[in-house]
Q: 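I have a structure I would like to understand better, so I am pasting it below and will then ask my questions one at a time.
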There are 2 protein chains.
Amino acid sequence: MSNSQHPDKLKNRRRGKELEAAILQAVREELTEQGYSNLTMDGVAERAGTSKAVLYRRWANRAEIVLAAIRERVPLPLEEVPDYGNLRDDVCGVLRSMNQNNIEVMIKAFYGLVTEIGAMPLASLLFPQGRHNRTMTIVLQRAVDRGEVSAEAVTPRMLTLPADLARHELMLYNKPMSEQTIANLVDEVFLPLVLKR
Amino acid sequence: MSNSQHPDKLKNRRRGKELEAAILQAVREELTEQGYSNLTMDGVAERAGTSKAVLYRRWANRAEIVLAAIRERVPLPLEEVPDYGNLRDDVCGVLRSMNQNNIEVMIKAFYGLVTEIGAMPLASLLFPQGRHNRTMTIVLQRAVDRGEVSAEAVTPRMLTLPADLARHELMLYNKPMSEQTIANLVDEVFLPLVLKR
DNA sequence: GCAAATAAGAAACCAAAAGTTTCTTATTTT
DNA sequence: AAAATAAGAAACTTTTGGTTTCTTATTTGC
């Protein structure tokens, strides 16, 4: 027997942040492949090449680890809200941004977490209304400056309406919105309400 | 020893529909008190005063029994859509009808079921878009007849918009909508889009 | 009214998965 | 180089979904 056995079984132990990142990545992969209710701690441990004890040293339970895995992927606020030169394209841009970042995984996790935790701080984490609000404030202010929209038309409801409708689509159909849906929401609902005429 | 023992332990066996109704009621109560993820089959059996075997003779698994318990409570289509004499009040009526029938329980179940089943036929069961569509068709036709709305304004999007926004509110906040919210959705979003002017 | 068929209820059972504990050993810290 | 720290393996407990078996109350059909 050679003394360099287990060529696949590295005894290179990861620790700290490196290990943690690998675990959370494994959670996201299991979530994608298995869905929330079939995601098991054993499965995560095996996929991450570690053991359950390591998971439970860091997170108290399944919900916590999934939450951590998802939280990492919540997009950071856009420093610059891109200016496409008109309100329509700006708002479409905002809605398109809600489509990305593995939205399916986010929603799968969301349903599971709400079921288990029941709380709604979650909603504001996974569907960050505050952020969309800020973005929409900028977008609508620009439209006012351009003369597309009168200042009185900018009400709280108009700030949230496009993202609310988009969120509804995402939650109900559990998949990214089509370009057609985005266009319909903007052209048939939002713009007629705010555009000057 | 008297031969009329067990004064509390009736040997009055319920069967068929009567038993089934008691079980589904127990499911709803457990759902309310425990939430979906803490609802156990043993708990349901005990509360209903029966045994697990009886449950599994009727339903294949936990999701099925919860689904059955909820399905019972989905309101039947309104034979008569009440006519309040104007579009505003008619639409408010439709949204108010979405508030009732233990909406919190419905939503708790909904999140759990989507997590476990993952499917979206659910959505159409628990948030019956078809029904709302039918109701809204009637309501809007009336408005056209009254001259409040022009026929071209009645698009598919306008048929679903009020219920979509209401559903979004319900799913996100997990509680009945306030009168103020209903009024805001109708007055600030829906009516301006469809009313003649 | 009685025998046979049916379904309820009790209880033991299995398997999967969450969560815990203990122990060994690789890696880092001092 | 020794001591402290944390990873990894594995066995273990508990809970719960789901199944099976058996007894017996109730219904059905004659």
Side-chain angles (χ1 to χ4, degrees), chain A residues 3-27 30-31 33-69 109 112-113 115-117, chain B residues 3-27 30-31 33-69 109 112-113 115-117:
Chain A
N3 61 356
S4 71
Q5 255 187 321
H6 299 303
D8 48 327
K9 196 85 174 183
L10 272 290
K11 36 186 57 168
N12 192 326
R13 276 188 193 175
R14 296 158 303 177
R15 318 191 134 204
K17 281 297 169 196
E18 183 195 356
L19 177 58
E20 186 169 318
I23 294 170
L24 294 180
Q25 179 58 32
V27 171
E30 287 285 305
L31 203 50
E33 291 176 22
Q34 311 288 338
Y36 189 97
S37 58
N38 294 320
L39 176 148
T40 68
M41 297 300 262
D42 295 280
V44 170
E46 178 167 13
R47 183 185 285 264
T50 182
S51 80
K52 269 200 296 185
V54 173
L55 308 187
Y56 282 105
R57 255 174 232 135
R58 289 180 160 73
W59 299 279
N61 52 51
R62 198 169 70 125
E64 286 296 324
I65 198 173
V66 170
L67 192 54
L113 289 172
T115 302
E116 232 161 75
I117 308 186
Chain B
N3 61 355
S4 72
Q5 255 187 323
H6 299 304
D8 49 327
K9 195 86 175 185
L10 273 290
K11 36 186 59 168
N12 192 326
R13 279 190 190 172
R14 296 158 301 177
R15 319 190 133 205
K17 282 295 169 197
E18 183 196 356
L19 177 58
E20 184 168 319
I23 294 170
L24 294 180
Q25 179 58 32
V27 171
E30 287 285 304
L31 203 49
E33 291 177 21
Q34 310 288 336
Y36 190 97
S37 57
N38 294 321
L39 176 149
T40 68
M41 296 301 261
D42 296 280
V44 170
E46 179 167 12
R47 183 185 286 263
T50 183
S51 80
K52 270 201 296 183
V54 174
L55 308 188
Y56 282 105
R57 254 173 232 135
R58 288 179 161 75
W59 299 279
N61 51 52
R62 197 169 70 128
E64 286 296 323
I65 199 173
V66 170
L67 193 53
L113 289 171
T115 302
E116 230 162 75
I117 308 185

Q: Would you state whether a donor and an acceptor, one from the side chain of A:R13 and one from the base of C:dT25, lie under 3.5 Å apart?
A: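 Side chain to base: pair found, below 3.5 Å.
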Q: Go through D:dT16, D:dA7, D:dA10 for me and flag the one nearest to the A:R58 side chain.
A: D:dA7
Q: I want to verify a distance call: between D:dG18, C:dA8, D:dA7, whose nearest atom is closest to the A:L19 side chain?
A: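 Among the listed nucleotides, the one closest to the side chain of A:L19 is D:dA7.
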Q: Starting the side chain at C-beta, find the nucleotide from D:dT16, D:dG18, C:dA18 nearest to A:R62.
A: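 Looking only at heavy atoms from C-beta outward on A:R62, the closest nucleotide is C:dA18.
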Q: Taking CD from A:Q34 and P from C:dA16, how many angstroms apart are they, rounded to a whole number?
A: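 The answer, rounded to whole Å, is 15 Å.
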Q: What I want to check is whether an N or O donor and acceptor connect the side chain of A:R15 with the base of C:dT28 at under 3.5 Å.
A: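 Answer no: no donor N or O sits under 3.5 Å from an acceptor.
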Q: If you look at every strand shown and take non-hydrogen atoms under 4.0 Å, does A:L39 touch a base, only sugar-phosphate, or nothing?
A: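 The residue A:L39 makes sugar-phosphate contact but no base contact.
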Q: Expressed in angstrom and rounded to an integer, what is the separation of A:E116 atom CD from D:dT16 atom C1'?
A: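 Rounded to whole Å, this separation is 14 Å.
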Q: Are more than 12 heavy atoms, taken from residues, nucleotides or ligands other than A:E46, located less than 6.0 Å from that residue's CD atom?
A: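 Counting other residues, nucleotides and ligands, CD of A:E46 stays at 12 neighbours or fewer.
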Q: How close or far is atom C1' of D:dA7 from atom NZ of A:K17, stated in whole angstroms?
A: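 About 17 Å, once rounded to whole Å.
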Q: Using a distance-only criterion (donor-acceptor N/O pair, under 3.5 Å, no hydrogens), is the base of D:dG8 paired with the side chain of A:R14?
A: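 For A:R14, whose side chain was compared with the base of D:dG8, there is no donor-acceptor pair (under 3.5 Å).
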Q: Give the minimum heavy-atom separation between B:A63 and B:L113, together with the two atoms involved.
A: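 Scanning both residues completely, I find the closest heavy atoms to be O-CD2, 3.5 Å.
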Q: Okay, side chain of B:R62, backbone of B:L39: is any donor-acceptor separation there less than 3.5 Å?
A: yes
Q: Side chain of B:S51 only, please: which of D:dG17, C:dG19, C:dG9 is the nearest?
A: C:dG9
Q: So, taking the atom named CG in A:N61 and the one named CG in A:L67, what distance separates them when rounded to the nearest 0.5 Å?
A: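 Rounded to the nearest 0.5 Å, the CG-CG separation comes to 9.5 Å.
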Q: Hey, which of these two, B:R57 or A:K52, hits DNA chain D nearer its 5' end, going by closest nucleotide?
A: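 Counting from the 5' end, the first nearest nucleotide belongs to A:K52.
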Q: Tell me: CD of A:E18 to P of D:dA7, nearest whole Å?
A: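 Computing the A:E18:CD to D:dA7:P distance gives 11 Å.
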Q: Using side-chain heavy atoms (C-beta onward) and a distance below 4.5 Å, is B:V54 in contact with B:R57?
A: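 Yes. Closest side-chain heavy atoms under 4.5 Å.
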Q: Over the length of the helix from C:dG1-D:dC30 to C:dT30-D:dA1, how much do the five-pair end axes diverge, rounded to 10 degrees?
A: 20°
Q: Judged by each residue's nearest nucleotide on DNA chain C, which is more toward the 5′ side, A:A63 or B:V54?
A: B:V54
Q: Under the 3.5 angstrom rule, does the side chain of A:T115 hit a backbone N or O of B:S37 as a donor-acceptor pair?
A: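 Checking the backbone N and O of B:S37 against the side chain of A:T115, no donor-acceptor pair under 3.5 Å is found.
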Q: Between C1' on C:dA10 and OH on B:Y56, what's the gap in Å once rounded to a whole number?
A: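 To the nearest whole Å, that distance equals 16 Å.
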Q: Distance check needed: C:dA17 P versus A:I65 CD1, whole Å only.
A: 16 Å
Q: Would you kindly give the CG-to-C1' distance between B:D42 and C:dC13, to the nearest whole Å?
A: 13 Å
Q: Determine the minimum heavy-atom distance between A:A48 and A:A26, stating which atoms define it.
A: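 Answer, listing the atom of A:A48 first, then A:A26: CB-CB, 3.8 Å.
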Q: How close or far is atom P of D:dT16 from atom CG of B:L55, stated in whole angstroms?
A: 15 Å
